[in-house]
Amino acid sequence: MIGNGSEGMEEEREIDIFVTNKCNSNCIMCPMSEGSRRKNNPEHIEELKAYIRELPKDVEYINVTGGEPTLAGKDFLEIMHMLKEKFQHSGFQLLTNGRSAADNNFLNAMLKEMPDGIRYAIPLHCSREEVHDSITQVKGSFRQTVCGISNLLKHDAKVEIRIVVSSRNIDYLKDTAKFIVEYFPGVFCVNFVAMEMMGNAAKNREILWVDYAEVFKKAKTAIEILVTSGIDVQLYNFPLCAVEHDYWRLAAKSITEYKIRYMEACDECSVKPICGGFFVSTQKVMHPEVHPVKEVK
Ligand code: SF4
């Protein structure tokens with residue numbers, strides 16, 4: 001996979017630049033499987049560069065993703081350089097686990113190649129080191145991610161913290177929100193993310209899955225802590241009927257168009273046009289319960 005372009009090049013508005021499938025974490029709820037992260041295509045970087053050269057200059061938004069994109073090292077820096085030079089009016093987001101930014105040498109090299117205003121979307125699974133590391137399955141990853149976020153904030157980078165909620169971290173959301181307010185008050189926003197049930201997440205579904213409404217209920221206090229401290233919050237991948245009406249304004253239509261599905265009962269729902277629905281994989285694997293909204297009060 002190179003990018004996500006299913007439409008004609010001239011119609012690209014938002015694209016993914018998939019740098020590498022490799023990752024130095026192995027998160028238990030990763031939508032990629034452990035096996036897929038080991039596959040190697042030696043031609044990939046050259047193919048990706050050719051794809052970037054072919055893209056029109058007016059792409060609106062570019063997501064740089066993986067795996068962990070920074071693991072491509074020099075190739076990652078070259079790709080960022082290409083993107084920065086070519087797309088001077090585009091918005092950018094880098095999806096990273098933040099661990100590479102703990103290394104000051106790499107951080108300095110990376111910052112030189114980053115487009116202005118790029119958003120770093122970094123998952124922090126929990127304020128407790130042992131919980132975070134049990135989710136990434138890598139000892140020491142919490143310390144590196146915390147150090148990476150801290151380093152980026154020192155350079156005035158726009159950092160978004162993502163909390164992917166599962167049974168492993170749901171009971172610590174309040175503590176995690178307090179931790180963020182105390183140590184990272186300069187973050188751009190915090191997003192609570194419902195899982196995409198593919199890869200490792202699907203494999204571990206019996207131990208990880210928590211229904212959306214339960215996730216929202218537990219996230220509510222954490223949301224209030226963040227919002228009252230002046231930190232913006234969004235809910236990613238949540239169906240509206242699992243969220244209290246007063247919080248609908250936080251629920252983003254975050255699932256990529258071609259992956260969105262609804263349950264059959266959603267046809268009776270008056271807010272389907274503004275509801276973000278479900279990942280196709282989650283709909284198939286979890287058969288989530290829905291509560292069609294008859295009337296919005
Ligand atoms: S019933 Fe379906 S369309 Fe309506 S809010 Fe729930 S998930 Fe969304």
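Both ligands and their constituent atoms are indexed starting at 1 by order of listing.
The distance from atom 6 (Fe) of ligand 1 to the nearest N/O/S atom of Cys269 is not under 2.8 Å.
Counting atoms of ligand 1 from 1 in the listed order, those under 4.0 Å from a heavy atom of Val290 are 1 (S), 7 (S). Distances below 4.0 Å separate heavy atoms of Pro239 from the following atoms of ligand 1: 7 (S). Annotation for ligand 1: atoms under 4.0 Å from non-hydrogen atoms of Cys275 are 3 (S), 5 (S), 7 (S), 8 (Fe). Every atom of ligand 1 with a heavy atom of Cys266 under 4.0 Å away is listed here by number and element: 1 (S), 2 (Fe), 3 (S), 7 (S). Close contacts between ligand 1 and Phe278 involve ligand atoms 7 (S) [criterion: under 4.0 Å to a heavy atom]. The distance from ligand 1 to the heavy atoms of Pro292 drops below 4.0 Å at these ligand atoms: 1 (S). Residue contact check: Lys272 has heavy atoms under 4.0 Å from atoms 3 (S) of ligand 1.
Aromatic ring orientation, His132 versus His125: tilted (interplanar angle from 30° to 60°).
Residues Ile15 and Ile260 do not share a hydrophobic cluster, clusters being chains of Ile/Leu/Val/Met/Phe/Trp/Tyr side chains in contact below 4.5 Å. Leu95 and Met110 fall into different hydrophobic clusters, where Ile, Leu, Val, Met, Phe, Trp and Tyr residues are linked whenever their side-chain heavy atoms come under 4.5 Å apart, directly or through other members.
The six-membered or imidazole ring of Tyr247 lies near that of Phe216, with a centre-to-centre distance under 6.0 Å. Phe278 and Tyr212 have their aromatic ring centers within a separation under 6.0 angstrom.
In terms of protein heavy-atom proximity, atom 6 (Fe) of ligand 1 is nearest to Cys241 SG, 2.3 Å.
In this structure, the side chains of Arg168 and Met29 stay at 4.5 Å or more apart for every pair of heavy atoms.
Using modelled atom types, one finds a donor on one side chain and an acceptor on the other under 3.5 Å when comparing Asn26 with Glu34.
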